[in-house]
Amino acid sequence: MTGVQDLKYRQWFRGADVDGDGVITQRDVRLMGERYIAARGAAPESATVRRLNEGMDAFWTTVIAPMDRDGDGKVDLREMTEGFRQELADPARYPQQIGPLADCYFDLVDLDGDNRIDQAEFGEIFGRAGNVSSEDTAAVFAALDLDGSGGLDRAEFHRAVAEFFYGDDPDAPAAHLFGRFTG
């Protein structure tokens with residue numbers, strides 16, 4: 001684990017602590033999903049929303065809740081960082097740990113359903129729902145669009161999410177996926 005990963009995880013924690021009380025609870029994890037659903041305007045009964053809710057519940061149960069070392073039902077920044085260091089140490093586990101949830105988010109971010117995320121969609125979702133500034137979303141999108149096509153396909157999106165959670169390069173295109181971090 002590197003200092004860069006700690007900074008990225010702290011940035012992610014800020015977004016995941018939806019109610020701003022300094023801890024992540026199961027409610028925060030569910031609210032994270034609801035922010036994206038609301039920004040998308042997705043129908044509550046849609047298959048994508050159902051998959052996202054199931055994915056968020058599984059993310060809580062299998063990734064976040066086990067980090068709760070003191071058993072209080074809350075995960076603070078220290079617990080989460082230590083937990084990510086342990087749980088997200090092996091990128092080969094991405095398909096089981098984060099991949100399914102990333103697929104759900106891709107489907108939500110792809111507002112027009114063309115199987116790619118353009119800059120406007122990226123900015124809309126990460127800006128409104130992810131609380132990332134428009135300047136940061138534009139810069140991150142430009143860095144992630146490695147082929148200059150004007151859109152991210154599912155594979156590019158998965159590479160970005162994997163790099164964010166498992167990578168340690170501060171200059172990697174996905175380092176600031178959930179907003180700029182500062183040292």
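This structure is a prediction, so every number in the text was calculated from the model and none was measured.
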Next item on the list: Assess whether salt bridge (charged side-chain N to carboxylate O under 4.0 Å, His left out) is satisfied between R154 and D103, documenting all intermediate values.
Entry: CA-CA 8 Å; R154 194 174 296 271; D103 272 331; 3.1 Å; yes
Would you say [X]'s side chain and [Y]'s backbone share a donor-acceptor pair under 3.5 angstrom?
| X | Y | answer |
| --- | --- | --- |
| E156 | D153 | yes |
| K8 | G167 | yes |
| T137 | S134 | yes |
| D17 | G22 | yes |
| E121 | D112 | yes |
| D28 | V18 | yes |
| R116 | G150 | yes |

Notebook entry, point to check: Which is it for V161 and Y94 under the side chain to side chain contact (heavy atoms under 4.5 Å, CB included) test, yes or no, and what are the steps along the way?
Noted result: CA-CA 9 Å; V161 173; Y94 173 84; 3.8 Å; yes
Check: Any idea how W12 and F84 line up, ring-wise: parallel (<30°), tilted (30 to 60°), or perpendicular (>60°)?
Finding: tilted
Next item on the list: Say whether Y166 and Q97, considering side chains only, have a donor N or O and an acceptor N or O under 3.5 Å apart.
Entry: yes
Notebook entry, point to check: Judged by modelled atom types alone, do Q11 and R14 share a side-chain donor-acceptor pair under 3.5 Å?
Noted result: yes
Notebook entry, point to check: Does the pair Y105 and M32 meet the rule for a side chain to side chain contact (heavy atoms under 4.5 Å, CB included), with working shown?
Noted result: CA-CA 11 Å; Y105 275 99; M32 274 192 296; 4.2 Å; yes
Next item on the list: Go through the steps for F122 and L177 under the test side chain to side chain contact (heavy atoms under 4.5 Å, CB included), then give the verdict.
Entry: CA-CA 10 Å; F122 188 86; L177 184 61; 3.9 Å; yes
Checklist line | Inter-residue atom distance E87.CD - E82.CD, 0.5 Å rounding | finding: 12.5 Å
Next item on the list: Only pairs at least two apart or in different chains count here, so list each side chain to side chain donor-acceptor pair (under 3.5 Å) that has a residue in residues 141-150.
Entry: D145-S149, D147-S149
Next item on the list: Just grab all the salt bridge (Lys or Arg N to Asp or Glu O under 4.0 Å) pairs involving residues 61-70, residues at least two apart or on different chains.
Entry: none
Next item on the list: Given side chain to side chain contact (heavy atoms under 4.5 Å, CB included), test V29 with L31 step by step and report yes or no.
Entry: CA-CA 5 Å; V29 171; L31 288 172; over 6 Å; no
